[in-house]
Amino acid sequence: MGHPSQFPSPLSTGAADARTARPGQPRRQPGSVLWTVLGAVAMGICGLVVLGLVGAQVGVAGVLVGAVSALVPVAVVVGAFLWVDRWEPEPPGLMLAAFGWGACVATLSALIINSTASMAANAMLGEGSGDTVAAVVSAPLVEEAMKAAFLFLLVWFRRREFDGLIDGIVYAGMVAAGFAFTENILYFGKAFAEAGLAAGADGGVLMVFILRGLLSPFAHPLFTAAAGIGLGIAVSTRSRALRVAAPILGYLGSVFLHALWNGAATLGGGMGFLTVYGLIMVPLFFGAVGLVVWQRRREQRAVRDQLPVFAGAGWIAPSEMSLLASLTGRRGWRRAVKQQTGGDAARAVAEYQATVTELALLRARMARGTAGP
């Protein structure tokens with residue numbers, strides 16, 4: 001095996017273009033840039049509206065305390081999904097857009113529709129019933145629909161960036177992490193406004209942080225992951241029936257889990273909530289972790305199986321095969337290049353590694369007949 005310093009430097013073979021456009025992808029057209037800017041502006045407006053609504057409910061101090069408290073669980077959740085995404089990293093811009101959609105667009109839509117549903121339920125079913133209806137019926141249907149909407153838009157407009165279960169889980173997790181971040185600001189801010197920081201019989205930020213930040217930071221990502229898995233199955237199967245049924249079943253699974261969680265917290269009391277938490281949600285969480293680990297190993301095998309073909313065709317150097325076959329080898333290669341040549345070369349090597357992975361997974365999908373035209 002050759003040392004990384006013996007490999008041709010990507011900077012000497014056209015890396016100037018690699019720094020401005022991903023290999024194999026066309027440069028962005030002006031229309032694409034315009035839609036990107038408009039989308040960012042729309043998300044920013046939604047975020048400002050959400051901030052104003054939350055501030056009206058909990059005050060400026062509540063928003064600040066809520067935001068600081070919400071940073072801890074969101075950092076853990078986002079870090080976990082970035083770890084999941086290491087084999088075939090998704091574009092940072094799309095990951096940020098997923099988080100922003102959840103934090104701004106989905107949250108604002110949910111606030112408006114859930115508030116409307118609560119008022120309608122109070123008017124039709126009697127005062128006091130609105131919160132229950134909003135929590136158990138409206139919130140699961142609306143929130144999961146708005147979170148899943150980003151995934152459907154991504155498949156429709158950026159199909160190349162969504163090609164399997166891992167992509168579905170990662171993008172669903174990022175959208176849900178953004179949604180949970182804004183929701184946590186509201187809950188932590190309310191707890192601060194009503195009971196202060198200390199935990200006690202009246203709650204307080206610390207008690208709410210234990211419940212939402214420590215015991216259930218992955219609740220929203222777990223719900224929305226069902227929709228992501230459904231879409232991941234749809235884009236990686238040759239069955240037309242499954243392409244239609246999987247996303248629908250995935251969304252319904254998200255709604256069911258969300259309704260079960262909210263119903264246990266709203267109607268089940270302490271024991272009911274603990275029962276659902278311990279017997280359903282915790283096993284589902286570990287099942288999802290097992291699915292991610294299994295799928296990542298499948299991706300690693302797919303890449304490893306294609307490397308001899310690439311080397312035989314002269315697309316990669318034979319000495320690179322063992323480095324590209326594992327995350328440890330890739331990380332060591334980038335570290336050595338960075339020490340010897342600098343950060344630009346290391347980033348070019350990372351781009352090269354990502355391109356090899358994309359090509360290997362594409363050829364694997366071609367072999368299964370799921371790559372599309």
Side-chain angles (χ1 to χ4, degrees), residues 43 45-63 65-67 69-70 101-150 175-195 202-205 207-209 211-213 216 219-224 226-227 251-270 272-273 276-277 281:
M43 282 192 192
I45 293 173
C46 290
L48 290 174
V49 174
V50 170
L51 182 63
L53 293 174
V54 173
Q57 293 187 50
V58 304
V60 176
V63 170
V65 171
S69 303
W101 179 279
C104 302
V105 180
T107 306
L108 178 59
S109 303
L111 281 173
I112 295 173
I113 298 176
N114 289 340
S115 298
T116 304
S118 178
M119 290 186 292
N122 282 331
M124 292 185 293
L125 303 177
E127 196 66 30
S129 61
D131 289 343
T132 301
V133 171
V136 181
V137 179
S138 173
L141 288 169
V142 174
E143 293 175 12
E144 296 309 322
M146 292 308 304
K147 286 185 285 182
F150 181 86
V175 173
F179 188 95
F181 176 67
T182 302
E183 189 178 65
N184 279 340
I185 293 175
L186 178 60
Y187 277 98
F188 293 149
K190 278 186 176 180
F192 175 76
E194 295 172 0
D202 295 329
V205 175
M207 181 61 71
V208 176
F209 181 84
L211 292 174
R212 297 184 63 87
S216 58
H220 272 289
L222 185 61
F223 306 153
T224 313
Y251 166 69
L252 293 177
S254 297
V255 172
F256 172 76
L257 291 176
H258 199 154
L260 182 64
W261 176 267
N262 285 5
T266 304
L267 305 173
F273 174 77
V276 170
Y277 180 83
M281 295 301 174

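Atom set for the values below is all heavy atoms of this structure, side chains included, hydrogens, waters and symmetry mates excluded.
The side chain to side chain contact (heavy atoms under 4.5 Å, CB included) search around Asn122 returns Ser118, Glu127, Ser129, not counting sequence neighbours. Under the side chain to side chain donor-acceptor pair (under 3.5 Å) criterion, Ser138 pairs with Asn114, sequence neighbours left out.
Of the possible donor and acceptor atoms, one in the side chain of Trp101 sits under 3.5 Å from a partner among the backbone N and O of Met146. The backbone N or O of Cys104 sits nowhere less than 3.5 Å from a side-chain atom of Thr182 that would complete a donor-acceptor pair.
Here CD1 of Ile112 is found 11.0 Å from OG1 of Thr107. Values are rounded to the nearest 0.5 Å. His220 contributes atom NE2, which lies 5.5 Å from atom CD of Glu143 (distance to the nearest 0.5 angstrom). Separation of atoms CG (Leu186) and CG (Leu111) is listed at 7.0 Å; rounding is to 0.5 Å.
Two residues are said to be in side-chain contact when any heavy atoms from C-beta on lie closer than 4.5 Å; Val54 and Val58 meet this criterion. Leu108 has its side chain within reach of Leu53: a pair of non-hydrogen atoms, C-beta onward, lies under 4.5 Å apart. No side-chain heavy atom of Phe179 sits less than 4.5 Å from a side-chain heavy atom of Asn184. Val276 is listed as a side-chain neighbour of Met281, based on a closest heavy-atom distance under 4.5 Å.
Residues Ala195 and Gly204 share a closest heavy-atom pair of CB-N, 3.6 Å. Of all the heavy atoms in Ala148 and Ala227, the pair that sits closest is CB-CB, 4.2 Å. Contact record, Gly55 with Val63: CA-CG2, 3.6 Å, taken as the closest heavy-atom pair.
The neighbour count for Phe209 CZ, taken as heavy atoms of other residues, nucleotides or ligands under 6.0 Å away, is above 12.
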Using atom types as modelled, flag every donor-acceptor pair under 3.5 Å from a side chain in residues 259-268 to any protein atom, sequence neighbours excluded.
residue	atom	partner	partner atom	Å
Asn262	ND2	Ala135	O	2.8
Asn262	ND2	His258	NE2	3.4
Thr266	OG1	Asn262	O	2.8

Can you check side-chain hydrogen bond (donor to acceptor under 3.5 Å, both in side chains) on Glu144 and Thr224, steps first, answer last? CA-CA 6 Å; Glu144 296 309 322; Thr224 313; 3.1 Å; yes
